[in-house]
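In this chain, residues are counted from 1 in sequence order. These numbers come from a predicted model, not from an experiment.
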Amino acid sequence: MVDLIPSSDSVMQILKRTGAFRVGHFVYPTGKHSPHYFQMPLAFRYYDTAKVLAVALSRKFRLERDVSSQLPKVSIISPSSGGIPVAFGVRDALSAEQIYWAEQESGRRMFRQYVNQGDMNPCIIVDDIIRSGHAIEETVALVKELGAEVIGCGAIVRFTSAPDHLGEFPIKSLVEFDAHFYADGDSCVDCKENASVEHVRF
Ligand SMILES: [Zn+2]
């Protein structure tokens with residue numbers, strides 16, 4: 001079953017082909033500059049690539065006894081809208097019973113109203129990309145408030161600067177990406193070469 005998980009290189013090829021991974025000269029809202037940018041929903045707009053990526057991630061969870069022994073009574077949780085197609089794909093591949101997603105409302109991450117204490121099965125948190133790990137940490141806190149247990153966590157891409165464990169669980173990913181950022185334009189190599197800039201929203 002492990003052989004059916006595509007290599008990091010072949011996942012990166014999918015991300016490049018769909019425009020989800022872009023190379024250039026990008027400026028983030030924080031003012032940081034970077035030679036690369038991920039816009040993951042571009043990979044999830046196509047049925048075929050969405051399916052390949054979500055099924056691959058789901059296989060990493062199925063290999064975990066903690067997860068496989070509890071299926072189908074598992075909830076797949078997305079920390080944000082970007083993770084929703086990942087969560088649906090993983091839920092489908094694992095035949096897991098439930099799905100929930102959090103959203104940002106007035107600057108706070110929260111689940112929709114009327115999700116109650118005790119409603120949630122043991123949880124796997126999945127996202128499209130883990131850049132800092134903050135979204136995952138906030139989602140873990142939300143899940144725990146509802147009395148649910150976290151049994152796994154993963155994303156299609158994880159920046160190597162983000163945590164690789166969630167408590168005792170290793171965070172699963174298909175690509176471990178060594179992201180490079182310059183603090184500002186003064187330290188940016190592409191700025192020194194007057195390369196044209198693309199401003200990205202987040
Ligand atoms: Zn720059």
Taken to the nearest 0.5 Å, the spacing of Q98 CD from I76 CD1 works out to 10.0 Å
Kindly confirm or rule out a cation-pi arrangement of K16 over F21, judged by NZ or CZ under 6.0 Å from the six-membered ring centre and within 45° of its axis? no
Looking only at heavy atoms, the pair that brings S81 and P85 closest together is O-CD, 3.6 Å
To the nearest 0.5 Å, atom OG of S132 lies from atom CD1 of I129 at 10.5 Å
Do I130 and S173 have side-chain heavy atoms sitting under 4.5 Å apart?
-> no
(message) Could you tell me if the side chain of D164 sits less than 4.5 Å from the side chain of I171, heavy atoms only?
(response) no
* Find out if a path of hydrophobic residues (ILVMFWY) with successive side-chain heavy-atom gaps under 4.5 Å connects M40 to V23. => yes
Identify every side-chain donor-acceptor pair in residues 136-153 under 3.5 Å, counting partners at least two apart or on other chains, and give the distances.
{"from": "E138", "atom 1": "OE1", "to": "R109", "atom 2": "NE", "distance (Å)": "2.9"}
{"from": "T139", "atom 1": "OG1", "to": "A135", "atom 2": "O", "distance (Å)": "2.7"}

Legend entry - Residue pair D127, S80: steps toward the side chain to side chain contact (heavy atoms under 4.5 Å, CB included) verdict: CA-CA 8 Å; D127 213 340; S80 62; 3.7 Å; yes
Rounded to the nearest 0.5 Å, the CD1 atom of I99 sits from the SG atom of C123 at a distance of 11.5 Å
Looking only at heavy atoms, the pair that brings P35 and D190 closest together is CB-OD2, 4.0 Å
Q) Y28 vs Y37 aromatic rings, parallel, tilted or perpendicular, using cut-offs 30° and 60°? A) perpendicular
Handout entry: Joint hydrophobic cluster, V55 plus F44, side-chain heavy atoms closer than 4.5 Å
Key = no
- Report the C-alpha distance between F61 and V126 in whole Å, list the side-chain angles of each, state the deciding distance to 0.1 Å, and finish with yes or no for side chain to side chain contact (heavy atoms under 4.5 Å, CB included). CA-CA 10 Å; F61 290 116; V126 297; 3.8 Å; yes
Scanning both residues in full, the closest heavy-atom pair of S58 with A93 reads OG-CB, 3.2 Å
Mind telling me whether H36 and F177 have parallel, tilted or perpendicular rings, with 30° and 60° as the class edges?
perpendicular
Donor-acceptor pair, distance only, cut-off 3.5 Å: does the side chain of S75 make one with the backbone of N121?
yes
Only one of V90, V67, L94 passes side-chain contact (heavy atoms from CB on, under 4.5 Å) with R62, and that residue is L94
inquiry  = Quick check: H33 with H25 (ring centres under 6.0 Å apart)?
reply    = yes
message = Do E176 and F159 have side chains that approach each other closer than 4.5 Å (heavy atoms only, starting at C-beta)?
response = no
| query | Between R45 (side chain) and L42 (backbone), is there a donor-acceptor pair under 3.5 Å? | reply | yes
Can you confirm whether V86 sits close enough to I156 that some side-chain heavy atom of one is under 4.5 Å from a side-chain heavy atom of the other?
yes
Quiz item: Are L53 and V11 close enough that some pair of their side-chain heavy atoms sits under 4.5 Å apart?
Solution: yes
To the nearest 0.5 Å, atom CD of Q13 lies from atom OG1 of T49 at 13.5 Å
What I'd like to find out is whether the side chain of F88 reaches to under 4.5 Å of the side chain of D92, using heavy atoms alone. no
Judged by atom type as modelled, is there a donor-acceptor pair below 3.5 Å linking the side chain of T18 to the main-chain atoms of I14?
-> yes
key: Trace of the side chain to side chain contact (heavy atoms under 4.5 Å, CB included) decision for K192 with D186   = CA-CA 8 Å; K192 288 196 179 87; D186 289 342; over 6 Å; no
Please check: side-chain N/O of Q70 versus main-chain N/O of D66, any donor-acceptor pairing under 3.5 Å? yes
Check the pair R22 / E198 against salt bridge (Lys or Arg N to Asp or Glu O under 4.0 Å), numbers first and verdict last.
CA-CA 11 Å; R22 313 175 83 83; E198 288 175 63; 5.1 Å; no
Would you say V157 ends up clustered with F169 if hydrophobic residues are merged whenever their side chains have heavy atoms under 4.5 Å apart, either directly or through other cluster members?
no
What one should report as the nearest heavy-atom pair of P6 and A56 is CD-CB, 3.4 Å
| request: Report yes if the side chains of V74 and L71 come closer than 4.5 Å at any heavy-atom pair, otherwise no. | output: yes
| According to a 4.5 Å side-chain heavy-atom criterion applied to Ile, Leu, Val, Met, Phe, Trp and Tyr, with indirect links allowed, do L57 and W101 form part of one hydrophobic cluster? | no
For R91, the salt bridge (charged side-chain N to carboxylate O under 4.0 Å, His left out) test, sequence neighbours excluded, returns none
State whether the number of non-hydrogen atoms from other residues, nucleotides or ligands found under 6.0 Å of K73 atom NZ is greater than 12.
no
Discussion item. Using only atom types and a distance under 3.5 Å, with no angle test, would you say the side chain of D184 pairs donor to acceptor with the backbone of S187?
Written reply: yes
Correct closest heavy-atom pair for Y182 and C188 would be CG-CA, 3.5 Å
(request) Give the cluster check for I125 versus L174: same hydrophobic cluster or not, with ILVMFWY residues linked at side-chain heavy-atom distances below 4.5 Å. (result) no
| query | For V197 and F26, what are the C-alpha separation, side-chain angles and deciding distance, and is it a side chain to side chain contact (heavy atoms under 4.5 Å, CB included)? | reply | CA-CA 6 Å; V197 161; F26 303 96; over 6 Å; no
- prompt: Is it true that a side-chain atom of S34 and a backbone atom of H180 form a donor plus acceptor pair closer than 3.5 Å?
  reply: yes
The salt bridge (charged side-chain N to carboxylate O under 4.0 Å, His left out) partners of R112 (sequence neighbours excluded) come to E103
Next on the checklist: I want to check something: taking the side chain as every heavy atom from C-beta on, are M120 and Y100 in contact at a cut-off of under 4.5 Å?
Outcome noted: yes
